[in-house]
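Structure record follows, encoded as structure tokens.
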Amino acid sequence: QVQLVESGGGLVQPGGSLRLSCAASESIFSTNSMGWYRQAPGKQREWVAVITNSGRITYADSVKGRFTISRDNAKNTVYLQMNSLKPEDTAVYYCNTLKQGALGYWGQGTQVTVSS
């Protein structure tokens, strides 16, 4: 069971930007692939972006070209830079390891609302 703390969400206008942060432990970055996920009301949780422990990155088609996932091992933190935000990006965003996500363990997430 891994405890991850997401932050950086908020209210932003369409076309705006936000950067989400996820604080974790050193062992997470050395042994686990990390992912950002999101869930809108009434919808299933959706995979957004993944970065492996070797640095390989994959994005969902819905965010490709707009979002950037990165990590800073010195700070034990993974980031999600979100640009050109759209109303359909509105959701609770979660950071997790792929293994813990598959087992159904999730934190509180951080709310992102895109609205004029």
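Counting from 1, the numbers follow the sequence of the chain as shown. In what follows, every heavy atom counts, from backbone to side chain, and hydrogens, waters and symmetry copies are set aside. Computed from a predicted structure; not experimentally measured.
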What verdict does the side chain to side chain contact (heavy atoms under 4.5 Å, CB included) test give for N32 and K99, after you've listed the backbone C-alpha separation in whole Å, the side-chain angles of each residue and the deciding distance to 0.1 Å? CA-CA 8 Å; N32 290 278; K99 292 180 179 180; 4.0 Å; yes

Residue pair V12 / T113, side-chain heavy-atom distance below 4.5 Å: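 Heavy-atom side-chain distance check fails, nothing below 4.5 Å.
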
Close side-chain approach of V114 to Q13, heavy-atom, < 4.5 Å: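 No. Closest side-chain heavy atoms not under 4.5 Å.
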
If I take atom [atom1] from residue [X] and atom [atom2] from residue [Y], how far apart are they, to the nearest 0.5 angstrom?
X	Y	atom1	atom2	answer
K43	E88	NZ	CD	8.5 Å
Y105	N96	OH	CG	11.5 Å
S25	L4	OG	CG	8.0 Å
S70	R19	OG	CZ	7.0 Å

With sequence neighbours excluded, tell me which residues meet side chain to side chain contact (heavy atoms under 4.5 Å, CB included) with [X].
X	answer
R66	V63, S84, K86, D89
V92	Y94, Q111
Q108	V5, E6
A23	none

Grab the two heavy atoms, one from R71 and one from N73, that are nearest each other, plus how far apart they are.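 In terms of heavy atoms, the two residues are closest at NE-OD1, 3.4 Å.
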
Locate the shortest heavy-atom distance separating P14 from S115; write the atom from each residue and the value.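 That would be CD-C, 3.6 Å.
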
Hydrophobic side-chain clustering at under 4.5 Å (ILVMFWY, transitive links): who's grouped with L11? Put none if nobody.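 Its cluster partners, ordered by chain and number, are none at all.
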
Under the criterion side chain to side chain contact (heavy atoms under 4.5 Å, CB included), I'd like the reasoning laid out for V112 against L20: C-alpha separation, chi angles, the key distance, then a yes or no. CA-CA 9 Å; V112 173; L20 307 183; 4.1 Å; yes

When C95 is tested against each of S7, S21, C22 for side-chain contact (heavy atoms from CB on, under 4.5 Å), which residue passes?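 Between C95 and the candidates, side-chain contact (heavy atoms from CB on, under 4.5 Å) is satisfied uniquely by C22.
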
Contact list for residues 107-116, test salt bridge (charged side-chain N to carboxylate O under 4.0 Å, His left out), sequence neighbours left out: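 Residue pairs with at least one partner in residues 107-116: there are none.
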
Indicate, with yes or no, if F67 and L18 share a hydrophobic cluster defined by side-chain heavy-atom contacts under 4.5 Å among Ile, Leu, Val, Met, Phe, Trp and Tyr.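 Yes, same cluster.
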
Evaluate the side chain to side chain contact (heavy atoms under 4.5 Å, CB included) criterion for residues L80 and T68: first the C-alpha distance (whole Å), next the side-chain angles of each, then the deciding distance (0.1 Å), finally the verdict. CA-CA 6 Å; L80 186 68; T68 303; over 6 Å; no

Only counting residues at least two apart or in another chain, list the ones meeting side-chain hydrogen bond (donor to acceptor under 3.5 Å, both in side chains) with N83.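 Partners of N83 by the side-chain hydrogen bond (donor to acceptor under 3.5 Å, both in side chains) criterion, ordered by chain and then number, come out as S17, Q81.
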
I51/W36 under side chain to side chain contact (heavy atoms under 4.5 Å, CB included): CA gap, chis, key distance, verdict: CA-CA 9 Å; I51 183 167; W36 283 98; over 6 Å; no

Among all residues two or more places apart in sequence or in another chain, which pass the salt bridge (Lys or Arg N to Asp or Glu O under 4.0 Å) test with K64?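 Applying salt bridge (Lys or Arg N to Asp or Glu O under 4.0 Å) to K64 gives D61.
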
Excluding sequence neighbours, so at least two apart, what forms salt bridge (Lys or Arg N to Asp or Glu O under 4.0 Å) with R45?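 Scan of R45 (salt bridge (Lys or Arg N to Asp or Glu O under 4.0 Å), adjacent residues dropped) gives none.
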
Do any side-chain atoms of residues 53-60 form donor-acceptor pairs under 3.5 angstrom with protein atoms, and if so which ones, sequence neighbours left out?
from: S54; atom 1: OG; to: T52; atom 2: OG1; distance (Å): 3.0
from: Y59; atom 1: OH; to: I69; atom 2: N; distance (Å): 3.0

Ring pair (Phe, Tyr, Trp, His ring centres under 6.0 Å) partners of W47, counting only residues at least two apart: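 Counting only residues at least two positions away or on another chain, W47 forms no ring pair (Phe, Tyr, Trp, His ring centres under 6.0 Å).
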
Apply ring pair (Phe, Tyr, Trp, His ring centres under 6.0 Å) to Y93 and list each qualifying residue two or more places apart in sequence or on a separate chain.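 With neighbours one apart ignored, the set is empty.
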
Assert yes or no for the condition that the ring centre distance of Y37 to W106 is strictly below 6.0 Å.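 Yes.
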
